[in-house]
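Please read the structure below before turning to the comments.
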Amino acid sequence: MVEHATTHGFWPSLYEPFRTLGHRVADFFSPPSEAGTDDAGYQITLELPGVSQDDIEVSIQESTLTVTGEKRSQHSERAGSVYFCERQYGRFQRTFRLPADADQTTVSAAFKDGVLTLTVPRTGPDKKTARKIKIG
C-alpha cells in the first residue's frame, strides 16, 4: 500500500508541466499589442515583425475583433550547425472585445514596418432625447 501511495504521488508531478502547456503555447505565439483611446475612437497596435501582410487576417464578429496570421519560417541551406534558435514561427491569434460605442462597420487597418494598426471609430453621440409617456 505504501508503494501505491508513493507511485500515485509521483505521477501527478510527472504530468504537471503538460497541464499548463496549452496556455504557454498560446502565450508563446501571441503577438504583443497595445490599445488606446481618444475622442474619435480606439486604436489597437500589434507587433508582427517578420510577418507578411498577406499572412494576416482581421475580422469582426459579435463585437469581437480577431487578428489571426502566421509567421512562416524561412529555411535555408547552412554549411554549419545551428547551436540555438530563438526565433518564433507559427500561427497566432489575438482577440479584442470592442466597447459598446465602437463603430464596427468602419474599422480600418494599416500595416507598416511590422506593426499592424487597427482604428475603430466611435459611433456618434446618442441622439435619443427624453420624452414623457402618457399613461392612458
Side-chain angles (χ1 to χ4, degrees):
M1 192 69 133
V2 173
E3 183 179 331
H4 177 57
T6 304
T7 304
H8 181 68
F10 172 75
W11 287 109
S13 64
L14 178 67
Y15 290 116
E16 186 62 30
F18 298 104
R19 291 182 63 214
T20 58
L21 181 63
H23 295 291
R24 288 191 306 229
V25 169
D27 290 342
F28 183 74
F29 291 112
S30 184
S33 64
E34 181 177 281
T37 185
D38 60 20
D39 291 339
Y42 305 93
Q43 189 172 52
I44 301 168
T45 56
L46 289 95
E47 293 181 9
L48 302 171
V51 178
S52 168
Q53 181 175 333
D54 295 334
D55 291 330
I56 302 170
E57 181 178 306
V58 180
S59 62
I60 296 178
Q61 183 177 3
E62 297 178 12
S63 298
T64 301
L65 181 102
T66 303
V67 179
T68 56
E70 183 171 5
K71 182 176 181 182
R72 301 179 191 275
S73 64
Q74 300 194 3
H75 300 299
S76 60
E77 296 297 320
R78 298 179 189 207
S81 296
V82 176
Y83 291 104
F84 67 92
C85 180
E86 296 179 344
R87 300 173 70 186
Q88 300 173 3
Y89 300 101
R91 294 199 52 75
F92 61 86
Q93 177 175 316
R94 286 298 304 258
T95 57
F96 303 91
R97 190 82 170 142
L98 296 176
D101 67 342
D103 184 354
Q104 299 177 41
T105 61
T106 58
V107 175
S108 62
F111 188 67
K112 182 179 179 188
D113 297 332
V115 177
L116 176 66
T117 302
L118 304 167
T119 303
V120 184
R122 291 181 192 268
T123 56
D126 192 358
K127 296 183 181 180
K128 297 177 185 170
T129 56
R131 63 184 181 98
K132 290 188 177 189
I133 308 295
K134 183 177 177 181
I135 300 173

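- Taking CG of Leu98 as the start and OG1 of Thr64 as the end, the distance is 7.0 Å to the nearest 0.5 Å.
- Residues that satisfy the side chain to side chain donor-acceptor pair (under 3.5 Å) test with Ser33, not counting sequence neighbours, are Arg94.
- In this structure, the separation between CD on Gln93 and CD on Glu57 is 10.0 Å, given to the nearest 0.5 Å.
- Here the side chains of Val51 and Leu116 are not in contact, with every heavy-atom distance at 4.5 Å or above.
- Of all heavy-atom pairs spanning Arg97 and Glu62, the tightest one is NH1-O, 2.8 Å.
- Annotation: side chain to side chain donor-acceptor pair (under 3.5 Å) contacts of Gln104 (sequence neighbours excluded): Ser63.
- Atom CG of residue Asp103 and atom OG1 of residue Thr123 lie 6.5 Å apart, to the nearest 0.5 angstrom.
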Could you walk me through whether Lys71 and Asp55 pass the side chain to side chain contact (heavy atoms under 4.5 Å, CB included) test, one step at a time? CA-CA 7 Å; Lys71 182 176 181 182; Asp55 291 330; over 6 Å; no
When the side chains of residues 40-48 are checked against the rest of the protein, which donor-acceptor pairs come out under 3.5 Å, sequence neighbours left out?
unit_1 : atom_1 : unit_2 : atom_2 : d
Tyr42  : OH     : Asp101 : OD1    : 2.5
Tyr42  : OH     : Asp101 : OD2    : 3.3
Tyr42  : OH     : Arg122 : NH1    : 2.8

